[in-house]
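Written below as structure tokens is the structure these notes are about.
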Amino acid sequence: MNQVKIGQFIKEIRKEKNLTQREVAQKLCISEKTVSKWETGNGLPEVSSMLPLCKLLGISINELLSGERLDEKQYIEKAEENMAYLVDRTTPQKKVIISTISCILVILSVIALSLLAALFVIQIWLKFVIIGIAIIVVVADVLVILLVAVNTEIYTCEKCGEKFVPTLTAYFWAPHTFKRRYLKCPHCGKKSWNNYHIRK
Ligand SMILES: [Zn+2]
């Protein structure tokens, strides 16, 4: 991720489009200073500003993050790299909010489906279909929440101090409290109650 290159690219396309820094700032509801910071390579657009900026400049996010126009072959090559960067930039707090919201939505939809299956006189097979859907939804959601947790939490081994990220299965089966989780350290192999911290 080359900030200076990205800045020069933003500037170049902005000039191509005959836009001033002020006009870009107004259209994106941000300060002129922010636009200037991007162009001098002293900052990158927030994830939330990227899409409107790209729309305005008529480029893709992939091109923005690469700091150049891309042909089809380059586009695919760069996509993965840039995607990884974007996921990384989504803050852990946001990830936690996403998983909480998804959890609430799932509970609500499962309640709705259960009521549907229980209250109305419908054919047995339809009840099974509804129950099946409810189960799939719950399993999918648990997976999402686990993936979010595994991607944001880092554990520190009590015995040797090694920092590690548990595997999905280990994470799922480990006894835990809000703050700690009983995990096997991949470094020293000892099991202990490990504290975790959210990855910054
Ligand atoms: Zn250890």
Side-chain angles (χ1 to χ4, degrees), residues 1-7 34 37-38 41-51 60-67 70 74-111 113-114 131-200:
M1 207 60 48
N2 185 337
Q3 286 198 24
V4 175
K5 191 177 173 195
I6 294 173
T34 306
K37 254 171 60 184
W38 297 344
N42 288 317
L44 280 177
E46 287 295 311
V47 174
S48 57
S49 304
M50 278 182 188
L51 204 57
S60 68
I61 289 194
N62 203 10
E63 287 174 316
L64 175 77
L65 292 175
S66 306
L70 301 169
Q74 291 172 308
Y75 198 92
I76 298 163
E77 280 171 6
K78 291 275 182 185
E80 209 165 299
E81 188 182 311
N82 288 333
M83 190 63 79
Y85 167 78
L86 275 184
V87 170
D88 207 45
R89 270 203 112 191
T90 310
T91 61
Q93 284 83 351
K94 268 188 201 151
K95 289 177 188 164
V96 171
I97 292 169
I98 291 168
S99 65
T100 310
I101 291 173
S102 90
C103 184
I104 292 169
L105 284 178
V106 163
I107 291 169
L108 288 179
S109 57
V110 167
I111 291 173
L113 285 172
S114 313
I131 292 165
I133 292 172
I135 291 171
I136 290 168
V137 167
V138 170
V139 169
D141 191 57
V142 168
L143 268 180
V144 167
I145 291 170
L146 278 177
L147 279 173
V148 167
V150 164
N151 279 308
T152 51
E153 293 173 9
I154 295 178
Y155 288 80
T156 309
C157 173
E158 284 276 281
K159 309 274 186 231
C160 71
E162 173 88 357
K163 290 183 170 33
F164 65 97
V165 176
T167 64
L168 208 58
T169 354
Y171 185 91
F172 183 76
W173 293 110
H176 62 277
T177 65
F178 272 117
K179 286 252 153 233
R180 281 139 63 88
R181 199 167 274 270
Y182 192 70
L183 291 163
K184 186 174 168 183
C185 166
H187 186 65
C188 66
K190 290 186 182 121
K191 283 191 167 187
S192 63
W193 283 93
N194 299 314
N195 289 309
Y196 77 87
H197 65 90
I198 299 285
R199 196 184 296 187
K200 288 274 150 54

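Both ligands and their constituent atoms are indexed starting at 1 by order of listing.
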### Query
What closest approach, in Å, do Met50 and Leu65 show between heavy atoms, and which atom pair accounts for it?
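So the minimum-distance heavy-atom pair works out to CE-CD2, 3.8 Å.
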### Query
Taking C-beta and beyond as the side chain, do Ser49 and Trp38 meet within less than 4.5 Å on heavy atoms?
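Of all side-chain heavy-atom pairs linking Trp38 with Ser49, at least one is under 4.5 Å.
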For a quick test of your reading: what N or O donor-acceptor pairs under 3.5 Å do the side chains of residues 157-173 make, sequence neighbours left out?
residue: Thr167; atom: OG1; partner: Ala170; partner atom: N; Å: 3.2
residue: Tyr171; atom: OH; partner: Glu153; partner atom: OE1; Å: 3.0
residue: Tyr171; atom: OH; partner: Arg181; partner atom: NH2; Å: 3.4

### Query
Is there a donor-acceptor pair under 3.5 Å between the side chain of Ser66 and the backbone N or O of Asn62?
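The answer is yes, because a donor-acceptor pair under 3.5 Å joins these two groups.
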### Message
Below 2.8 Å, which protein N, O or S atoms neighbour the Zn ion (ligand 1), ignoring water?
### Response
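Within the sphere that stays under 2.8 Å of the Zn ion (ligand 1), the protein atoms of type N, O or S are Cys157 SG, Cys160 SG, Cys185 SG, Cys188 SG.
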### Task
Only counting residues at least two apart or in another chain, list the ones meeting salt bridge (charged side-chain N to carboxylate O under 4.0 Å, His left out) with Lys37.
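Expected list: none.
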All N/O donor-acceptor pairs, side-chain side in residues 186-193, below 3.5 Å, sequence neighbours left out:
residue: Ser192; atom: OG; partner: Asn194; partner atom: OD1; Å: 2.8

